[in-house]
Student: 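Questions regarding the structure given below will be posed in turn.
Small disclaimer: the values here were computed from a predicted structure and weren't measured. Every chain is numbered from 1, with letters handed out A, B, ... down the list of sequences.
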2 protein chains.
Amino acid sequence: MKNCLKALRAERRWTQQQLADALGVSRQTVNAIEKGKFDPSLPVAFRLAALFACRIEDIFSPNSG
Amino acid sequence: MKNCLKALRAERRWTQQQLADALGVSRQTVNAIEKGKFDPSLPVAFRLAALFACRIEDIFSPNSG
DNA sequence: CCAATTTGTAAAGCACACTTGACATAAGGT
DNA sequence: ACCTTATGTCAAGTGTGCTTTACAAATTGG
């Protein structure tokens, strides 16, 4: 699963901490998702899409599909 | 998190087992997701959307958002 | 250069996504 | 009534999403 979270966050000039707070997760979780260490849960994915005013499919794309 | 998986599956006249096989998860997992016992992982959500040829947002909707 | 902020990473622990195996109930066809 | 298929559910186990605490490296600004 790839994602363009880092780019979206950079556009807004938010720190990982600010995004984490807005998302309701820890900074380490934001960092791990950005670095591709794991995929977010579906609820967190929905909150991300809401925050960036786009679709989940605009942020994440499965590696093979 | 609500979902209309049961309705989508019924439209296609698929059994839980057939959907599970197509998804690559167990029948119990399909059943649990349909019954709202837990939310699928993001990869499984993407596979569901692909199978039903729609967006994740068309299948799932967060309870408060 | 120095100090503060930001990012990257690690370990231990809890909750949940998902598994296999098993069994009860429901629904359909003969 | 019987047999088969479909659904609902439970239990125990594995892997991972996410937490807290902590610290090192990188970046930014005086």
Student: Rounded to the nearest Å, what distance is computed from the CZ atom of residue F60(B) to the P atom of nucleotide dA17(C)?
Tutor: 11 Å
Student: For F46(B) and dA17(C), give me the distance from atom CZ to atom C1', rounded to whole Å.
Tutor: 17 Å
Student: Taking 4.0 Å as the cut-off, does a side-chain nitrogen or oxygen of T15(B) come that near to OP1 or OP2 on dT5(D)?
Tutor: no
Student: Check for a donor-acceptor pair, side chain of N3(B) on one end and backbone N or O of I33(B) on the other, with a separation under 3.5 Å.
Tutor: yes
Student: Could you work out which one of dT7(D), dC10(D), dC18(C) sits closest to the side chain of F38(B)?
Tutor: dC18(C)
Student: Closest heavy-atom contact between A45(A) and I56(A)?
Tutor: O-CG1, 3.8 Å
Student: On DNA chain D, check which nucleotide each of V44(A) and E34(B) is closest to and give me the residue with the more 5' one.
Tutor: E34(B)
Student: Out of dA17(C), dC18(C), dG21(C), which nucleotide sits closest to the side chain of Q28(B)?
Tutor: dG21(C)
Student: Take the protein atom CZ of R13(B) and the nucleotide atom C1' of dT5(D), then report the distance between them rounded to whole Å.
Tutor: 17 Å
Student: Indicate whether OP1 or OP2 belonging to dT19(C) is found under 4.0 Å from a side-chain N or O atom of S26(B).
Tutor: yes
Student: Could you please name the option among dT7(D), dC18(C), dG8(C) that lies closest to any side-chain atom of N31(B)?
Tutor: dT7(D)
Student: Could you check if a side-chain atom of F52(B) sits within less than 4.5 angstrom of a side-chain atom of D58(B), using non-hydrogen atoms only?
Tutor: no
Student: Out of dG8(C), dG8(D), dC18(C), which nucleotide sits closest to the side chain of R27(A)?
Tutor: dG8(C)
Student: Do L42(A) and V44(B) have side-chain heavy atoms sitting under 4.5 Å apart?
Tutor: no
Student: Can you tell me how far C1' of dC18(C) sits from CG of L42(B), to the nearest Å?
Tutor: 16 Å
Student: Between V30(B) and Q18(A), just flag the one whose closest nucleotide in DNA chain C comes earlier from the 5' side.
Tutor: Q18(A)
Student: dT16(D) phosphate, OP1 or OP2: any side-chain N/O from S41(B) under 4.0 angstrom?
Tutor: no
Student: Can you measure L19(A) atom CG to dC18(D) atom P for me and round it to whole angstrom units?
Tutor: 12 Å
Student: In whole Å, what is the span from the NZ atom of K35(B) to the P atom of dA26(C)?
Tutor: 12 Å
Student: Take atom CG of D21(B) and atom P of dT5(D), then tell me their distance rounded to the nearest Å.
Tutor: 15 Å
Student: For the side chain of V25(B), starting at C-beta, report the closest nucleotide among dT19(C), dA10(C), dT7(C).
Tutor: dT19(C)
Student: Would you kindly give the CD1-to-P distance between I33(A) and dG17(D), to the nearest whole Å?
Tutor: 9 Å
Student: Can you tell me if K37(A) touches the phosphate of dT9(C), counting only side-chain N or O atoms and a distance under 4.0 Å to OP1 or OP2?
Tutor: no
Student: Given 3.5 Å as the limit, does a donor-acceptor pair link the side chain of R27(A) with the main chain of Q16(A), or not?
Tutor: no
Student: With a 3.5 Å distance limit and no angle check, can you tell me whether E34(A) reaches the backbone of N31(A) through a side-chain donor-acceptor pair?
Tutor: no
Student: Would you say K6(B) reaches dA6(D)'s phosphate, i.e. side-chain N/O to OP1/OP2 under 4.0 Å?
Tutor: no
Student: It should be established whether R9(B) places a side-chain nitrogen or oxygen under 4.0 Å from OP1 or OP2 of nucleotide dT7(D).
Tutor: yes
